[in-house]
Structures are given as structure tokens and as C-alpha cells.
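Here is the structure we will look at.
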Amino acid sequence: MFASLEKYYGLFRIRAKGITVYKGDFVVTLLLRVLFPVLMIFVWTAVYVTTGTTKIAGFSLLGIYAYFLITASLAPFRSDIDDMIGSDVLTGAIAVFLVRPITYLLDSIITDLSTVVVGFFTLTVPILALAVLFVPLNASLLLFGLFGVEAIAAYLISMLLEIMVGLLAVYFTSYAGMAAVINRCMSFFGGGLLPLSFFPSQISTVLSYLPFQFLYYVPAATLSGSISVQSSLFSLAIAAIWIVGLFVAAKFAWRAAKKHINAVGV
Amino acid sequence: MPDSIITISNVKKRFKTYKAGEHKKGFLGRLMRKYYYNQALDGVSFGIKKGEITALLGKNGSGKSTLIKIMTGVLHPDSGEVLVDGMSPWGDRTRLAKEIGVVFSQHNNLYFDLPPSDTFDYMKSLYSVPEHEYRQRLRYLLKLLDFEDKYKTQTRLLSFGERMKGNFISALLHNPKIVFLDEATVGIDLPSRFALRKAVQQMRKDFGTTFVIATHIVDDIEALAERIIFVDKSKVIFDGPRGEFDSIIGNKKHIELQFSDGVDPKIKGFGKVLEQGEGYIKLEIDSDKVKDKSLSRLLFSKGVIDYSVYEPDLSYILGKFYATLDKRKK
């Protein structure tokens with residue numbers, strides 16, 4: 001048991017060390033992730049001020065500030081595991097991991113988690129602190145707690161979806177275009193570019209049953225107070241069902257893909 | 001084979017591939033590629049004994065790397081049976097991984113942006129190596145491969161040969177029973193190559209480690225292998241001890257000379273002429289003739305601009321092999 005934990009901690013440590021080895025690059029990447037939400041804040045300020053509107057689809061201007069700051073804070077919870085799996089499969093580097101006494105997927109998930117944890121401390125915490133101090137975001141501890149659980153659910157859903165996207169590399173030599181389209185869809189239908197309540201009601205009803213809303217919209221709407229605690233809890237229950245379903249699907253996808261892996265350089 | 005640590009029976013594996021510009025027939029055919037199947041292994045069988053140093057010899061694309069990947073659980077064969085240390089490589093992959101060490105020349109085991117020492121520390125926790133054993137083994141391997149000054153330098157700053165030494169150490173820190181080296185000595189500098197060879201011999205002596213070495217470098221075989229499995233066109237064309245292999249190809253070396261004023265006819269008396277051109281000659285000579293004094297005198301004479309002595313290359317050996325097989329059939 002302890003030997004297993006030591007193995008996973010060892011992997012987590014070396015990956016986290018690898019991410020932060022070039023500190024300048026690390027900081028620039030972080031700043032780049034914040035660029036879009038900052039841009040959105042300027043765009044929506046212009047919209048609200050020039051039109052004299054006080055509320056759009058239930059969001060006040062301060063609500064919009066809070067929403068985009070919270071989605072920015074969620075950036076580390078979007079998994080990058082598809083890139084990792086895709087490049088390991090295409091370059092054949094997967095061979096190195098397949099001869100180690102650890103399941104490849106678990107190795108990739110822990111590697112991915114090290115990015116999440118580093119990102120949580122360097123991006124999520126400072127951005128949320130900014131939101132609390134300057135917007136100001138008046139969320140109760142209960143809402144922060146719910147947000148925490150939803151952020152974890154967001155990561156699990158994005159990670160399980162991205163595993164299947166990454167495994168496309170096993171079947172298609174060139175999968176990057178497809179992966180980019182799927183990733184953009186995840187951001188768009190997840191509420192990363194616009195709050196889902198901005199969409200026409202029929203579309204938002206459909207989206208409320210899909211897994212993407214949990215990536216940004218549900219946690220951001222919960223913490224900014226634009227949805228009630230009850231509907232947030234209801235969303236969490238749907239998220240749990242999606243997580244179980246996607247877990248089973250990802251497991252089958254990996255089992256099928258394993259037999260087709262032709263490590264490059266054979 | 002009952003005393004074998006590795007048994008392979010009738011293994012077949014093919015890969016799907018396509019050729020650029022070739023499409024299927026018909027109206028929509030232009031949009032669809034025409035696929036071919038490349039038979040990488042076609043009914044391969046052999047056994048490897050515990051503590052043996054075995055060379056899997058073959059040209060590039062002969063199927064030896066596919067064999068290594070099947071034996072280590074990376075690839076699934078289409079058919080056939082494989083047992084490595086009593087386990088199925090793909091069925092018991094993570095359990096088998098604890099008993100084997102693998103070095104791929106094309107893929108780095110070291111984390112590129114960190115020094116090898118970080119990878120070594122991770123290997124310690126990955127394989128649950130006790131602290132004192134780890135320190136002892138690390139010291140032993142660092143000394144054996146002359147890597148003490150380098151293992152704390154960032155991997156990306158190391159030479160290819162140094163990285164290969166680091167890969168080798170990381171694959172052996174957990175004291176595996178079987179070590180697979182996939183073209184591990186290709187493209188590295190001579191001192192590193194010699195250090196790796198020395199390490200293989202020493203580890204076999206000290207720990208009884210079994211080594212399976214896939215290579216197309218005949219020199220490696222001369223220096224290391226006790227047993228040779230020769231793979232060509234997806235089949236095993238020879239499986240036997242080094243002595244038998246040497247008796248087929250003969251204990252020969254190749255020598256090439258360049259003369260300033262035409263080839264000195266005296267050189268032809270030292271061996272069989274393979275090629276000759278304007279001021280150039282290539283000969284096959286008996287290995288012991290390399291130290292012949294009269295040959296040395298001729299090599300150092302004024303008329304010789306340049307010369308080189310080397311092991312026969314694989315294409316030449318293959319030719320000899322097929323000729324011998326034909327003779328035996330007749």
C-alpha cells in the first residue's frame with residue numbers, strides 16, 4: 001500500500017518539478033491563460049456601458065466580471081491529457097511507459113494531476129483572491145465548498161473526455177485537427193466563452209443535459225451566485241452520472257486501443 | 001525449452017501500412033488510401049536461457065525491434081505464444097515490468113528537462129527499491145559506466161552517448177532479471193559504447209543478469225554475444241552459439257586501402273579481393289592477419305594514403321549466410 005503511494009508520489013514530484021523547471025516560460029504560459037477572460041471583461045464592460053444595460057440574461061456587469069474571473073481560475077482544471085497521450089502514441093514514446101510497472105493511463109493521469117495542482121496554487125488561488133477583493137465576490141463558505149467539488153468534477157469530466165480524444169491518435173495518424181475542434185466545442189458548449197444562459201432557451205436546455213456545462217458554467221455560476229444551491233446540487237448529481245458513464249467509456253476505449261498501438265520505430 | 005527464461009513459439013505480427021500516392025479503384029477511390037500489410041514476424045520461435053547474453057541480429061526492418069516490443073509487452077502479437085520469466089508479457093505486463101529492464105535507442109527513459117539523478121530517484125520509488133540498496137546500486141552503476149560527473153547535469157545538455165548511459169542506469173537500478181537493449185549502442189561515441197559493453201559483461205558476471213541485445217552492429221556481437229539469433233525477412237535464419245555463427249561467416253575482417261599511384265599488387269597476397277578501382281582495393285582477410293608484420297609494413301608504406309580495417313557488414317554476412325544455407329540444402 002505505502003510502496004504504491006510512494007510510487008505515485010515519486011511520479012507526481014518529478015512531473016511537478018519538470019513543469020516548473022523553466023520559471024519564465026511557466027509564468028508566461030500562466031499569463032496567457034488569463035488573457036482571454038481579461039479581454040472578455042473589457043468587451044463586456046463596453047457592451048454594458050455603451051448600451052446602458054444593467055442586466056443581460058441574469059448577469060449584471062459585476063456578475064460578468066465574477067463569471068469570467070472564475071472561468072479563468074478554472075483553467076488549470078481543464079485536462080491536457082489528450083496532448084500527452086496523442087504525442088506518446090504518435091512518436092512511439094509510449095513504449096517507454098509501457099515497460100514500467102505502472103498502468104499507462106494512471107501514469108498519464110498523475111502527470112496531468114501534477115499540472116492541475118501546480119496550476120491551482122499559481123493561478124486558481126490568486127485569481128479567486130482577486131475576484132474576492134476587487135469585484136467583490138461575496139460567496140459563502142458553502143458556495144466555495146460546492147465550487148471546490150464542482151471544480152474536481154470539471155477536471156474528472158474533462159480528463160475522461162480528453163483521454164478518448166487522445167486515443168484517436170491510435171486510429172488516425174493525424175488527429176490534431178479533430179482534437180482542436182473537440183476542444184473548442186468543449187470550451188464553447190461548456191460556457192468558457194459565454195455563460196450558457198446567454199444562449200436561446202432550447203439550446204441551453206439541451207446543453208444542460210450534456211457533460212460540457214460542468215467544465216465552466218456550473219462551477220462559475222455557482223460561485224458567482226447566478227444559480228441557486230439547489231440547482232447546483234442537482235447539476236452535481238447529473239455530473240456524477242456523467243463521470244461514471246465516461247469512466248466506463250474511457251476504460252473500454254483504452255482496452256480497445258491497447259491492441260492497436262503500433263509503437264513507432266518497430 | 002524447459003530451462004528457458006524466455007520462450008517464443010510461432011509468433012506472427014503484421015502492420016498495416018500504405019504507400020504515398022496509391023489509392024483504391026473507382027469513383028470515390030481517389031479519396032481512400034490503398035493499404036498493405038507488412039509481415040514483420042512470420043512464425044518466429046526460440047528460447048533464451050537464464051544468464052545468457054543473446055544477440056538478436058538483423059538489418060533495419062528485419063523484425064528484431066518488433067520482437068523486443070512483443071517480449072516486453074509493448075506490442076500484442078497477432079498469434080503465437082510468448083512466456084517471459086513465466087509470464088505473458090501483455091497479460092501480466094505490470095508484474096513482468098518489475099523483473100525486466102528495457103533500453104530503447106529511439107526513446108528516452110530520462111526526463112529531458114531534469115538531470116538523470118531525478119529520473120533515478122523516481123525509478124527508486126517506482127520499483128520500490130530500498131534506500132540502502134538503491135544507494136549501493138547507484139554507486140556501482142555510476143562507477144561502472146563512468147557517469148559520476150554527469151548524472152546531476154540536465155539531460156538535455158548531455159551528449160547522445162551520455163544519455164544512453166543514463167538510460168541504461170535507469171533501466172537497471174531495480175536489478176532486473178532480464179535486460180532488453182534495443183539498438184542501444186547505435187550512433188553513440190566509442191568510449192560510451194565500450195563502457196556499455198563492459199557494463200553488460202560485468203553485470204552478467206556479478207548478478208547473472210540475462211541480456212537480450214537487438215543490434216545490426218556486428219562489432220557488438222563480436223564483443224558480447226554468446227548466442228546469436230539472426231533475423232531476416234521476418235524469420236529466424238540462424239539460432240545458435242557464437243562459435244557456430246563464426247564458423248559460417250568465417251573469422252574474417254575487411255580492409256580497404258587507397259594508394260597514391262595505383263594499387264600495390266603485393267596487397268592481393270593477403271586475402272580475397274572483394275572490390276578494386278583506381279588506386280582503391282577492398283579485401284577480405286583472416287582476422288589474425290591484422291597483426292601480421294608484413295601487412296603492417298605495407299599499410300605504413302609511402303604509397304598508402306589511407307586504410308581502414310573493420311568487421312564485415314550485415315549485407316555481406318547475409319550473403320554468406322544464404323550461400324551456406326544453399327550449399328547445405330544441396
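Computed from heavy atoms alone, side chains included, the values below leave out hydrogens, waters and symmetry copies. To find a chain, count down the sequence lines: A is the first, B the second, and so on, and within it residues start at 1.
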Exercise. Which bit of Asn60(B) comes within less than 4.5 Å of chain A, counting heavy atoms only: side chain, backbone, both or neither?
Worked result: neither

Exercise. In terms of heavy-atom proximity below 4.5 Å to chain A, should Leu114(B) be classed as side chain, backbone, both, or neither?
Worked result: side chain

Exercise. What distance separates Gln106(B) CD from Thr91(A) OG1, expressed to the nearest 0.5 Å?
Worked result: 10.0 Å

Exercise. So which of Val103(B), Asn109(B), Thr119(B), Thr72(B) has the biggest tally of heavy-atom pairs under 4.5 Å with chain A?
Worked result: Asn109(B)

Seminar exercise, completed: Among residues 9-28 of chain A, those lying within the under-4.5 Å heavy-atom range of chain B are Gly10(A), Leu11(A), Ile14(A), Arg15(A), Lys17(A), Gly18(A), Val21(A), Tyr22(A)

Exercise. If every non-hydrogen atom of Thr94(B) is compared with every non-hydrogen atom of Arg100(A), which pair is closest and at what distance?
Worked result: CG2-O, 4.3 Å

For this session: Might you point out which heavy atoms bring His107(B) and Val96(A) nearest each other, and give the distance in Å?
Result: CB-CG2, 3.4 Å

Problem set entry | Interface moiety of Asp107(A) toward chain B, non-hydrogen atoms closer than 4.5 Å | side chain

For this session: Kindly check if the number of other-residue, nucleotide or ligand heavy atoms within 6.0 Å of CZ (Phe247(A)) is above 12?
Result: no

Problem set entry | Heavy-atom closest pair, residues Ala95(A) and Lys69(B) | CB-CE, 4.2 Å

Exercise. Given the rule in the side chain to side chain contact (heavy atoms under 4.5 Å, CB included) test, do Val99(A) and Phe104(B) qualify, once you have shown the distances and angles that lead to the verdict?
Worked result: CA-CA 11 Å; Val99(A) 297; Phe104(B) 296 108; 4.3 Å; yes

Problem set entry | Which of Arg156(B), Lys98(B), His174(B) touches chain A most, by non-hydrogen pairs under 4.5 Å | Arg156(B)

Problem set entry | Heavy atoms from other residues, nucleotides or ligands near CZ of Phe112(B) exceed 12 (cutoff 6.0 Å) | yes

Exercise. Does any heavy atom of chain A fall under 4.5 Å from the side chain of Gln154(B), the backbone, both, or neither of them?
Worked result: side chain

For this session: For residues Pro101(A) and Ala97(B), report the shortest heavy-atom separation together with the two atoms involved.
Result: N-CB, 3.5 Å

